[in-house]
Amino acid sequence: MKIITAKSAGFCFGVRKAVDIAYEAAKDPGPVFTYGPIIHNQSVVDDLAQKGVRVIRSREELSEIHGGVIVTRSHGVSREEEELLRSTGARIVDATCPFVKRIHRTVDQESAAGSRIVIVGNPDHPEVRGIMGWSHTPVTVISTEEEARAFTHEGEGRICVVAQTTFNANKFKEFIDILYKRGYNIACVNTICSATHERQAEARTIAKRADTMIVIGDSTSSNSAKLYEICRKECPDTQFIQSWRDLRLPPAGGDGVVGITAGASVPLTIIEEVQLHVRAEF
Ligand code: F3S
């Protein structure tokens with residue numbers, strides 16, 4: 001049996017950075033919190049909890065906090081949320097991914113200069129809600145082709161278009177073409193991060209060769225669910241697991257190629273455990 005593990009499996013740069021920051025903050029002697037779970041991975045959240053890091057899950061919970069340390073997530077927060085966090089008197093440790101932070105700055109500066117802001121992305125995603133909160137002017141979020149076609153803009157003013165970092169690059173280009181054809185004055189900033197695309201492309205390539213494909217990810221993680229969907233198209237025996245305990249023996253037994261990949265919030269230790277068990281049990 002041959003095992004191929006994707007090089008891009010697991011944490012992206014921004015998530016690794018946020019998790020490292022949270023573990024560093026955990027050493028603080030005072031109370032330490034993360035504003036929302038630091039990543040979509042229960043084992044990491046539980047491990048941090050053991051080290052005394054608590055998760056703030058709502059604004060009511062936040063209102064009960066006075067002092068300590070609060071770590072934000074890689075998705076980032078809106079300006080209003082940032083101010084709210086500061087008003088608790090806690091020391092704020094910003095773990096926003098630098099790529100997301102760059103979008104905040106663009107939106108802040110462009111909207112302050114009078115541009116209308118358009119975000120291509122999912123309006124319900126915390127990253128998009130955070131980005132919206134850095135604009136000084138009303139924001140339009142476009143997530144579908146219909147919404148791109150229905151978009152209208154009065155006057156000569158400039159439109160600044162940015163994207164959610166994990167948005168599909170082809171769709172983004174399609175939407176921009178639709179807006180350009182209207183003759184609007186557009187400043188397009190492609191803020192899509194290549195980490196997601198690279199992970200998906202590598203998973204697809206491995207799944208094409210694999211007899212059994214294993215996708216590791218938390219059940220609540222949308223990027224892991226997307227990886228599973230991509231791999232299943234190429235390899236019918238694709239397993240979506242949270243840890244080695246969920247592994248099933250492949251129908252063809254232990255021969256052939258087993259591919260392994262993992263979503264952006266899966267720590268290396270979990271990937272290594274799966275590798276070990278595949279080697280031992282398949
Ligand atoms: Fe940052 Fe890209 Fe990851 S934006 S959080 S490195 S997917």
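Residue numbers run from 1 in the order of the sequence given. Remember, it's 1-based here, ligands and their atoms both numbered in the order they're listed.
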### Query
Can you list the steps and then say if Lys7 with Glu198 is a salt bridge (charged side-chain N to carboxylate O under 4.0 Å, His left out)?
CA-CA 10 Å; Lys7 290 190 186 71; Glu198 280 162 18; over 6 Å; no
### Query
Is there a salt bridge (charged side-chain N to carboxylate O under 4.0 Å, His left out) between Arg232 and Glu229 once you walk through the steps?
CA-CA 5 Å; Arg232 260 209 66 187; Glu229 194 187 298; over 6 Å; no
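Distance from atom 6 (S) of ligand 1 to its nearest protein heavy atom, with residue and atom name: Gly14 N, 3.4 Å.
With ligand atoms numbered from 1 in the order given, ligand 1 contributes 4 (S) to contacts under 4.0 Å with heavy atoms of Thr165. With ligand atoms numbered from 1 in the order given, ligand 1 contributes 2 (Fe), 4 (S), 6 (S), 7 (S) to contacts under 4.0 Å with heavy atoms of Cys193.
Summarising the local packing, NE2 of His197 is surrounded by 12 or fewer heavy atoms from other residues, nucleotides or ligands at distances under 6.0 Å. Around the NZ atom of Lys171, the shell of radius 6.0 Å holds no more than 12 heavy atoms that belong to other residues, nucleotides or ligands.
You'll find the ring centres of Phe151 and Phe175 outside the 6.0 Å limit.
Not one N, O or S atom of Cys97 sits under 2.8 Å from atom 3 (Fe) of ligand 1. At a threshold of 2.8 Å, atom 2 (Fe) of ligand 1 has no backbone or side-chain N, O or S atom of Cys12 nearer than that distance.
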